[in-house]
Number of protein chains: 2
Amino acid sequence: MRGELTAKGRATRSRIVEGAAAVLRERGVASATLDDIMARTRTSKSQLFHYFPAGKDELLVAVAQFEADHVLEDQQPYLGRLDSWEAWEQWRDVVIERYEAQGDECPLGSLFLQIGRSTPGARAIVIELMRRWQESLAAGIRSLQANGRLPAGLDVDARAAALLAAIQGGVSILLSTGRSTHLRAALHQGIADLRRAGDAVA
Amino acid sequence: MRGELTAKGRATRSRIVEGAAAVLRERGVASATLDDIMARTRTSKSQLFHYFPAGKDELLVAVAQFEADHVLEDQQPYLGRLDSWEAWEQWRDVVIERYEAQGDECPLGSLFLQIGRSTPGARAIVIELMRRWQESLAAGIRSLQANGRLPAGLDVDARAAALLAAIQGGVSILLSTGRSTHLRAALHQGIADLRRAGDAVA
DNA sequence: AATACAGTGGACTCATCAGTCCATTCGTAG
DNA sequence: CTACGAATGGACTGATGAGTCCACTGTATT
């Protein structure tokens with residue numbers, strides 16, 4: 001199916017994915033229906049099933065992929081250049097700002113726990129996203145080491161994993177309570193502790 | 001309604017709540033039906049609506065409360081006595097062990113993001129749980145300060161918030177990827193950093 | 001023993017929603 | 001300009017599941 005799409009077809013398909021993503025963020029995976037998506041994207045049932053023959057699940061996975069592709073992109077260029085403490089702080093502020101602005105309309109919220117558990121494809125997407133996210137953080141820590149701002153002996157992967165967990169937790173709490181206190185605290189403390197790890201040895 | 005329940009009624013009601021909780025953990029909030037719950041708890045439709053007149057939503061909130069009540073209880077007595085580094089480590093290991101055993105059947109997973117967003121009552125329950133959890137961690141930090149194992153100048157609330165976020169993130173990642181690496185890293189690093197905060201000043 | 005009400009059973013209704021099917025239009029290659 | 005397949009419209013089906021209703025049973029109180 002993929003190769004046979006005309007330009008018009010491709011346009012419609014991505015209109016569907018983008019519109020579906022918006023609907024899912026607004027209404028949540030549970031209560032979003034194909035009719036909602038049809039209304040939003042000005043498409044008909046037959047179009048939905050034309051582009052996603054396996055039905056709703058296939059569409060959800062496509063949306064998951066679409067959202068996942070944007071999560072890290074949205075943190076650029078900061079996430080890709082974590083080579084100084086200033087860069088880390090800039091990145092931190094961007095992340096906080098972005099998630100505060102999203103409020104409880106989180107693209108990850110749709111993936112995380114909602115699609116993820118039901119369809120195996122979506123779980124793979126989340127795993128891959130986490131892997132890449134953590135790898136970006138690890139790369140940032142390594143470049144601080146290269147700069148001599150952090151000692152070489154640091155357990156980079158453990159640091160990156162803990163930082164990633166802190167972010168995810170902060171976001172989860174933001175989603176379920178509406179408060180960003182924890183996200184802020186997690187990121188500030190996480191980076192401060194990383195810095196202190198340098199001072200301790202240096 | 002509450003006050004009028006006979007002993008038999010109370011027994012049935014809690015059988016429903018407990019059974020529903022089990023069903024929700026197994027099948028997820030999205031795909032669990034009243035029929036599933038009826039089958040599991042050996043009750044009829046009329047019983048469900050007798051005890052929860054407002055229907056499924058009311059039952060879900062009751063389950064949320066039930067689960068929330070158990071989350072902190074399950075971490076006792078460790079969570080209540082975080083007055084030495086050994087106690088923190090014991091608590092940490094209990095938490096990790098418990099969540100690893102649960103795998104993706106997490107009571108919080110049901111609350112967090114799934115019930116929470118739809119019904120306002122459930123959100124309040126999650127907020128209260130987070131508050132109490134964080135307060136327990138803060139109390140632990142304060143008792144370390146009282147012992148002289150941590151300096152008095154520490155920002156206790158920020159530390160506790162960050163630690164809570166780390167846990168939640170670790171659990172979220174465990175739920176969506178099936179791996180507990182991040183939960184372990186988050187707790188180990190979090191406690192290690194707390195300890196280092198003491199050394200730095202002491 | 002009578003009565004009143006909590007507790008229980010389960011058939012029935014009604015709405016919703018994913019998915020099917022066929023008819024029609026559009027776009028393009030020959 | 002025609003023929004073919006992609007693209008689209010939308011009515012229809014079937015399943016599912018929440019919630020209603022009424023009849024029946026158990027039990028405690030007087």
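Protein chains get the first letters and strands the later ones, always in sequence-line order, with residue 1 at the start of each. Just so it is clear, the structure is predicted and the values come from calculations on it, not from any experiment.
As rounded to whole Å, 8 Å separates atom P of C:dA18 from atom CD1 of A:I37. Rounded to an integer number of Å, the gap from CD of A:Q47 to P of D:dA7 is 10 Å. Between the C1' atom of C:dG10 and the CZ atom of B:R42 lies a distance of 17 Å, rounded to the nearest Å. Taking atom NE2 of residue A:H50 and atom P of nucleotide C:dA18, one finds them 20 Å apart after rounding to whole Å. A:L59 has its CG atom 10 Å from the P atom of C:dG19, to the nearest Å. Between B:I16 atom CD1 and C:dT8 atom C1' the separation is 11 Å, expressed in whole Å. Rounded to an integer number of Å, the gap from B:Y51 OH to C:dT8 C1' is 8 Å. A:L5 has its CG atom 14 Å from the C1' atom of C:dG27, to the nearest Å.
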Under a 4.0 Å heavy-atom criterion, the protein footprint on nucleotides 13-27 of chain D, written with B, S and -, is ----SBBBB------
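Counting heavy atoms from C-beta outward, A:L183 and A:E100 have side chains that stay 4.5 Å or more apart. In this structure, the side chains of B:S180 and B:I96 stay at 4.5 Å or more apart for every pair of heavy atoms.
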With a cut-off of 3.5 Å and sequence neighbours excluded, list every side-chain donor-acceptor pair involving residues 71-83 of chain B.
unit_1: B:Q75; atom_1: OE1; unit_2: B:W91; atom_2: NE1; d: 3.0
unit_1: B:Q75; atom_1: NE2; unit_2: B:V71; atom_2: O; d: 3.4
unit_1: B:Q76; atom_1: OE1; unit_2: B:G80; atom_2: N; d: 2.9

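Of the candidate nucleotides C:dA6, D:dT8, C:dG10, D:dT8 has the atom nearest to the side chain of A:T12.
Note that NE2 of A:H50 and OG1 of A:T12 are 9.0 Å apart. Values are rounded to the nearest 0.5 Å.
Taking only side-chain nitrogens and oxygens, B:T6 comes nearer than 4.0 Å to OP1 or OP2 of C:dG7.
At most 12 non-hydrogen atoms from other residues, nucleotides or ligands lie less than 6.0 angstrom from CZ of A:R179.
Proximity of a side-chain donor or acceptor of B:R15 to a complementary backbone N or O of B:R42 within less than 3.5 Å is detected.
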